[in-house]
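All values below come from the heavy atoms of this structure, side chains included, with hydrogens, waters and symmetry mates left out. Since this is a predicted model, take the numbers as computed values, not measurements. Letters A, B, ... mirror the listed sequences (proteins, then strands); counts begin at 1.
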There are 2 protein chains.
Amino acid sequence: MDQLLRVQNFTVSSDGIAAGEDQTLERPFGHVDPGRLFGWAGATASWPMRTDAGGSRGLDDYFTRDFPRNIGAEIMGRNKFGPQRGPWENYEWRGWWGDEPPFHTPVFVMTHHPRPAFTLSDTTFHFVDADPATVLEQARRAAGGKDVRLGGGVTTIREFLDADLVDTMHIAVSPVKLGSGLRLWGSPEELLDRFHLDVVPSPSGVTHHLFWRK
Amino acid sequence: MDQLLRVQNFTVSSDGIAAGEDQTLERPFGHVDPGRLFGWAGATASWPMRTDAGGSRGLDDYFTRDFPRNIGAEIMGRNKFGPQRGPWENYEWRGWWGDEPPFHTPVFVMTHHPRPAFTLSDTTFHFVDADPATVLEQARRAAGGKDVRLGGGVTTIREFLDADLVDTMHIAVSPVKLGSGLRLWGSPEELLDRFHLDVVPSPSGVTHHLFWRK
């Protein structure tokens, strides 16, 4: 079995926007209220950050419960890792996720400003300054035969799509229009030359878009 | 986390029928052509019996790929295990699945005619003459903290529903009408007093019904 590169549970607005501009420490999604985009995931029983019992076990839960299945590494952009830009002033920032990040695998952060790797619980963050194909090769080696998750954000996903390295992609489209921000696509149909697409409306209001390579 | 009892990928016709009458060695689903019911699952990349590469990775694949996730044991009725009825004439029959059954866990076969347990690859079949609650207790102990799959057939699922022991249930409804046979329900709405329900039409033509306890 090949090691797939998979995008999972990546959520955009009805006009294709995944995050706002002006990301800051206080507002990781910039001017976008993340609750309006990710509410569908937070309501499920398998949401990785869930701390209480309960949650739905319907369609949306199939997507959140698939998050760790057969994933051996994650690749993310620096802007998903944190709000800083340019050279690191220090290494105090260790991501948004606290002492128990939800990844539980090696994570490769793409940045022009590498810093030493560090480990929180069972997640180790590596910082790499390389092109998508090279980073994917490193992540595959670290994944021990399993798949690699492409965690985002938009800029990183676009780079891997442009390099034709993405195998499957689950994009949830929320019924909210944002107008401006970091845009994944003008329309999902832009990808139909290379991907099959199932469009699946969920009772929660989001529409799941499932792409897999032709 | 509780150990759930889960029905997965159980397929019925549009009139609620899961298997034909007159099951025989040559026709495990009686007068029903299983290809008409299960074609949706066989077309997916994660179908457990798939021997070649390929297959779809859209919506239907989320259901087939969820088959082994966090499952530690299966319970099935004797009529899923084989076509024989009454006392065993001998113990030569070892199930429909060949030397490499797709379960990879302990399997508890409910029967009034127990026989010695046996192992094929990493699947061990146990034969138990007990009521649903007792069998579920045995399966949970064997599952090592994981969930238990309720594999069917119809009669077995009905028994566990009547005893209110089922936690989640995925029933795929195929767009084919069979008229007669072993019937799961008159309508899925019969279960709405106890379960939430997401109804999800798939591009393949089946409609996934996802139940979880209220």
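- No hydrogens or angles considered: nothing links the side chains of Ser46(A) and Thr44(A) as a donor-acceptor pair under 3.5 Å.
- Contact of Ser56(A) with chain B is made through backbone and side chain together, with heavy-atom distances under 4.5 Å.
- Interface remark: Arg213(A) contributes no atoms to any contact with chain B (heavy atom separation under 4.5 Å).
- When each of Asp61(A), Asp198(A), Val199(A) is scored by its heavy-atom pairs under 4.5 Å with chain B, the top score falls to Asp198(A).
- By the 4.5 Å heavy-atom criterion applied to side chains, Trp40(A) and Thr64(A) are counted as neighbours.
- Listed options Asp60(B), Asp66(B), Val200(B), Thr168(B) were ranked by heavy-atom pairs under 4.5 angstrom with chain A; first place goes to Asp66(B).
- Separation of the Phe195(B) and Trp185(B) ring centroids does not fall under the 6.0 Å cut-off.
- Between the side chain of Ser174(A) and the backbone N or O of Val176(A) there is no donor-acceptor pair closer than 3.5 Å.
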